[in-house]
Amino acid sequence: FGGLKPAIHIRNTEDGTGRVRIDSGMFRSYCTNGVIFGWSGKAGMAAEHLGKSTTHMETKVALAIAEAAESCKLGIDKFIEALNVRIKEDAINRVVEEWSSVYNIDAECSDLWFQAITGSKTWADVVMATSDFAGTLSDRDLSTTLEEASGALLISGAPHRLRI
């Protein structure tokens with residue numbers, strides 16, 4: 001399970017009528033939309049640039065890029081940490097059971113999720129296998145929910161009771 005990459009997402013309009021937005025996150029490089037961490041409004045920057053001084057906008061953009069890079073570093077650090085966290089054999093069942101409850105995932109999907117992440121040896125494996133599984137689902141809402149769960153798993157880290 002792999003392919004996690006840091007990202008800084010910059011959006012802007014060509015004519016200056018919209019806002020420039022800068023956000024950060026983590027994504028899987030081998031799918032069309034594998035964002036699993038970040039992209040929240042509170043972590044990003046949005047500014048309208050009509051009527052603002054160039055210096056003002058350059059400063060805001062530079063600060064937003066620095067903050068986005070810091071957010072990417074958090075995701076990278078969490079993933080590197082997760083690579084080194086070995087989990088117990090019975091951890092998979094507990095992860096699926098507990099997180100299915102948190103995200104209101106039905107029993108049928110939970111069973112499929114369990115099968116998809118079985119064999120995970122590290123917390124990073126659980127995160128990436130969850131994200132990979134989310135990408136196989138045709139139900140967009142459910143896929144998004146599991147991508148969010150994957151990001152939450154990454155940020156929360158493995159509980160000590162599930163670690164070897």
L153/V95 under side-chain contact (heavy atoms from CB on, under 4.5 Å): CA gap, chis, key distance, verdict: CA-CA 9 Å; L153 287 164; V95 167; 4.1 Å; yes

S156 side chain to A152 backbone, donor-acceptor under 3.5 Å: yes

Name of the residue among C109, S101, S110 meeting side-chain contact (heavy atoms from CB on, under 4.5 Å) with V96: S110

Derivation and outcome, side-chain contact (heavy atoms from CB on, under 4.5 Å), residues I164 and I87: CA-CA 5 Å; I164 294 177; I87 57 173; 5.7 Å; no

I105 to L146 - nearest heavy-atom pair and separation: CD1-CD2, 3.7 Å

Pairing of R163 and E89 as salt bridge, 4.0 angstrom limit: no

Check: S120 side chain, I117 main-chain N or O, donor-acceptor pair, under 3.5 Å: yes

Close side-chain approach of T122 to V85, heavy-atom, < 4.5 Å: no

Validation row: F79, M128 side chains within 4.5 angstrom (heavy atoms): yes

Same apolar cluster (I L V M F W Y, side chains within < 4.5 Å links), W123/L83: yes

Check: N104 side chain, S100 main-chain N or O, donor-acceptor pair, under 3.5 Å: no

Atom pair CG/CG of L142 and D106 - distance to nearest 0.5 Å: 7.0 Å

Close side-chain approach of D77 to E81, heavy-atom, < 4.5 Å: no

Pairwise distance CZ(R140) to CD(E147) - rounded to 0.5 angstrom: 8.0 Å

Criterion side-chain contact (heavy atoms from CB on, under 4.5 Å) on T144 and E148, from CA distance to verdict: CA-CA 6 Å; T144 299; E148 290 174 9; 3.6 Å; yes

Heavy-atom donor-acceptor pair, S150 side chain to T130 backbone, under 3.5 Å: no

Spacing of D125 atom CG and T118 atom OG1 [to the nearest 0.5 Å]: 12.0 Å

Connected via hydrophobic side-chain network under 4.5 Å: V102 and I92: yes

Candidate pair F114 and E97, rule side-chain contact (heavy atoms from CB on, under 4.5 Å), full reasoning: CA-CA 9 Å; F114 173 79; E97 185 178 293; over 6 Å; no

Flag, side chain of K121 to backbone of K88, donor-acceptor distance under 3.5 Å: no

